[in-house]
Number of protein chains: 2
Amino acid sequence: MVTKGILIDRIDPSSDRAVFRQIADQLRQAIESGRLREGEKLPSEAELIEHYGVARMTVRQAIQELRNEGLAVAEHGRGVFVRRRPPVKRLASDRFARRHRKDGKAAFLAESEAVGATAGVDMIAINEVQPPEEISERLLANEPVVARSRRYLRDGHPVELATSYIPASIARGTKIMEPNPGPGGIYARIEDQGHTLERFVEDVSTRLPTRDEAKLLNLTSGTPVFRLIRTAYDLEGMAVEVCDTIMSGDAFLLSYELPAH
Amino acid sequence: MVTKGILIDRIDPSSDRAVFRQIADQLRQAIESGRLREGEKLPSEAELIEHYGVARMTVRQAIQELRNEGLAVAEHGRGVFVRRRPPVKRLASDRFARRHRKDGKAAFLAESEAVGATAGVDMIAINEVQPPEEISERLLANEPVVARSRRYLRDGHPVELATSYIPASIARGTKIMEPNPGPGGIYARIEDQGHTLERFVEDVSTRLPTRDEAKLLNLTSGTPVFRLIRTAYDLEGMAVEVCDTIMSGDAFLLSYELPAH
DNA sequence: CAGTGGTCTAGACCACTGC
DNA sequence: CAGTGGTCTAGACCACTGT
């Protein structure tokens, strides 16, 4: 039986701790200690019911707890498995440096190739829109904007949703309006328009994904996301682009350098 | 009845969408549209059972879904409420600039006062320890380290856990070994020792809190945390401190500036 | 005390997976 | 097909809250 060797202990019904929590504790311990490895199957509900002598809802609550913690994922008809963690990608603070654009590569591609992953983009959409307040307060200029949305894939798996907002006065009549903006990406096109980029400000927050984000990024309930709002400024201090990004929280590590002076 | 005006629609039992999800959808809609505001009470289980004509486990599943999404919190014996979001504190990228230390203030105090919040520190502990690998790989020097742990409070609520690791050769015999390290905090004391700070590197990740973190930061299940590992370098490029920080994810916004060149 | 959510039982039927 | 998890019912007893 699968439970052999994994679930040593019995349940203490007289304990203050709820039975389903005690079961969850034992499974969690098995995962965190490595007795159950990534991708391995947990005991089935039927096995847990038999082993502990409890009702089905009780073992389901235990499993639910592990799913909420992001430790396990259920697959209908197959079983419950220890969640696999994607390799973490480190985003260094020089990732938008001009030298990366000089190679003709947009930032996401350059980053991915640096770690030997294949990169992809899909779901590209380009529209003129009325920007939400979080965007317009950063762009300052109160004019029409072009929104470029896309989803980024790493090794075929979606990891990032991004929408760039660019003042229409900059974007109109350029390749920014086309799905493929050409070598160096949209930042290169913005510089073509005479707006030399000087600096970026990134505002990072974290939260649980909305339902839509969870669907698009294929996230289970225990995975938070980064929300990253990046504003690009040109030499005159004008905000020339705001990019609103949702990133799978377990797939990235954001690295920044701060001067001490 | 409380449900009046909040739950307009009925359930479609013939729908593909599970009944508990339809109920969750309606409650979520009420929250996101603002019909139910922060801190307001959701209809009780009994009211939902009566309104929809379903079993108790079904409405509990619906509420569980909202709790997992971080939209609602249950209080035993009182009810289920729309989750309150704390005011977000923006941490700017110049928060460790020397001018802030010149005022005799440590970083956390200076930040808090900037937004009119009262700041506090408790649970201070200082030990010589063997650092975990994530720390030692950043300090490089393979020598004993002093660990300074503390918890930060904002307006009386815990928001941040931090542990600083400093090579013992720098810390020994200084106020770094004392609970109160004196004006300007430990960075000022490190500079007193002749290590002028040049730059910091911050590695930011996000995940759900461990059980211990949730307890210490008083977090409900739907709140992720930031994990921030900051390494401080002196003018010679030596890592003189590594600070491992867990921050309540809904209480902070991290802001960074990146050069474009 | 009445009202609330927390835990648990013992069933039922369904949909999906893999052999 | 057997085995798996997903949904749902209809109860029970408990612990906590506020009056």
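Chain naming here is simple, since letters A, B, ... match the order of the sequence lines and numbering starts at 1 in each.
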Task: Side chain of B/Met57 - closest among C/dA15, C/dT4, D/dT9 - done: D/dT9
Task: Atom-to-atom span, CG of B/Asp16 to C1' of C/dA15 - whole angstrom - done: 11 Å
Task: Given DNA chain C, 5'-ward residue of the pair A/Phe20 and B/Gly79, judged by closest heavy atom - done: B/Gly79
Task: Interatomic distance, A/Arg154 atom CZ to A/His157 atom NE2 [nearest 0.5 angstrom] - done: 10.0 Å
TODO: May I have the distance from B/Ile63 (atom CD1) to C/dG5 (atom C1'), rounded to whole angstrom?
DONE: 9 Å
Open item on the list: Determine whether a donor-acceptor pair (N or O, by modelled atom type, separation under 3.5 Å) exists between the side chain of A/Arg150 and the backbone of A/Arg148.
Closed with: yes
Open item on the list: If you only use heavy atoms from C-beta on, which nucleotide in C/dT7, C/dT9, D/dA15 is closest to the side chain of A/Gln61?
Closed with: C/dT7
Task: Spacing between A/Ile49 atom CD1 and C/dT9 atom P, to the nearest angstrom - done: 10 Å
TODO: Considering only NZ, NE, NH1 and NH2 on the basic side and carboxylate oxygens on the acidic side, decide whether B/Glu202 and B/Arg230 come within less than 4.0 Å.
DONE: yes
TODO: Run through B/Arg84, B/Arg85, B/Arg83, B/Lys89 and flag the one making a salt bridge (charged side-chain N to carboxylate O under 4.0 Å, His left out) with B/Asp250.
DONE: B/Arg83
Task: Basic-acidic side-chain contact under 4.0 Å: B/Asp244, B/Arg227 - done: yes
Open item on the list: Using whole Å, what does the distance between atom C1' of nucleotide C/dG3 and atom CZ of B/Phe81 come to?
Closed with: 12 Å
- [ ] Using a cut-off of strictly less than 4.0 Å between a heavy atom of the residue and any atom of DNA chain D, enumerate the qualifying residues of residues 64-72 of chain B by number.
- [x] none
- [ ] Check the pair A/Arg28, A/Asp25 against salt bridge (charged side-chain N to carboxylate O under 4.0 Å, His left out), reporting the backbone distance first and the verdict last.
- [x] CA-CA 5 Å; A/Arg28 188 185 304 107; A/Asp25 289 344; 2.8 Å; yes
Open item on the list: Let's go through B/Glu65 and A/Arg211 carefully: what are the C-alpha distance in whole Å and the side-chain angles of both, what is the deciding distance for salt bridge (charged side-chain N to carboxylate O under 4.0 Å, His left out) to 0.1 Å, and is it a yes or a no?
Closed with: CA-CA 11 Å; B/Glu65 189 159 280; A/Arg211 309 179 64 69; 3.6 Å; yes
- [ ] Output yes when at least one side-chain N/O atom of A/Ser44 is less than 4.0 Å from OP1 or OP2 of D/dG3, else no.
- [x] no
- [ ] Represent DNA chain D in dot-bracket notation, 5' to 3'. Only Watson-Crick or G-U wobble pairs with both distances under 3.5 Å count; pseudoknot-style crossings use [ ] and interstrand partners use |.
- [x] ||||||||||||||||||.
Open item on the list: Which nucleotide wins on minimum distance to the side chain of A/Glu45, given the candidates D/dC8, D/dC16, D/dG6?
Closed with: D/dG6
Task: Residue A/Glu38 excluded, over 12 heavy atoms near CD under 6.0 Å - done: yes
TODO: Grab the NZ-P distance between B/Lys41 and D/dG18 for me, whole Å please.
DONE: 12 Å
Task: Phosphate-side-chain proximity, B/Thr58 and D/dT7, N/O vs OP1/OP2 below 4.0 Å - done: no
- [ ] Would you indicate which nucleotide in C/dC8, D/dT4, C/dT17 comes nearest to any side-chain atom of A/Arg78?
- [x] C/dT17
Task: For atom CZ of B/Arg21 and atom C1' of C/dC14, their distance in whole Å - done: 15 Å
Open item on the list: What's B/Arg17 touching, base or sugar-phosphate or nothing? Going by heavy atoms closer than 4.0 Å.
Closed with: nothing
Scan the side chains in residues 203-210 of chain A for donor-acceptor partners under 3.5 Å anywhere in the protein, sequence neighbours excluded, and list what turns up.
residue  : atom : partner  : partner atom : Å
A/Asp203 : OD1  : B/Arg90  : NH2          : 2.9
A/Asp203 : OD1  : B/Ser255 : OG           : 2.8
A/Asp203 : OD2  : A/Arg138 : NE           : 3.4
A/Asp203 : OD2  : A/Arg138 : NH2          : 2.7
A/Asp203 : OD2  : B/Arg90  : NH2          : 3.1
A/Thr206 : OG1  : A/Val225 : O            : 3.1
A/Thr206 : OG1  : B/Thr206 : OG1          : 2.7
A/Arg207 : NH1  : A/Glu213 : OE1          : 2.8
A/Arg207 : NH2  : A/Glu213 : OE2          : 3.0
A/Thr210 : OG1  : A/Glu213 : N            : 3.2

TODO: Among the candidates C/dT9, C/dC13, C/dG5, find the nucleotide nearest to the side-chain atoms of B/Val80.
DONE: C/dG5
- [ ] Could you tell me whether A/Glu160 and A/Arg151 have a side-chain N and a carboxylate O separated by less than 4.0 Å?
- [x] no
Task: Spacing between B/Glu50 atom CD and C/dG3 atom P, to the nearest angstrom - done: 13 Å
Open item on the list: Side chain of B/Ala55 only, heavy atoms from C-beta on: which candidate in D/dT4, C/dT9, D/dT9 is closest?
Closed with: D/dT9
- [ ] Name the closest nucleotide to the B/Arg60 side chain, picking from D/dT4, C/dT7, D/dT9.
- [x] C/dT7
Open item on the list: I want to verify a distance call: between D/dC16, D/dC8, D/dT9, whose nearest atom is closest to the B/His76 side chain?
Closed with: D/dC16
Open item on the list: On the side chain of B/Arg56, is there an atom forming a donor-acceptor pair with the base of C/dG6 - under 3.5 Å, no angle test?
Closed with: yes
Open item on the list: Can you measure A/Glu47 atom CD to D/dT4 atom C1' for me and round it to whole angstrom units?
Closed with: 11 Å
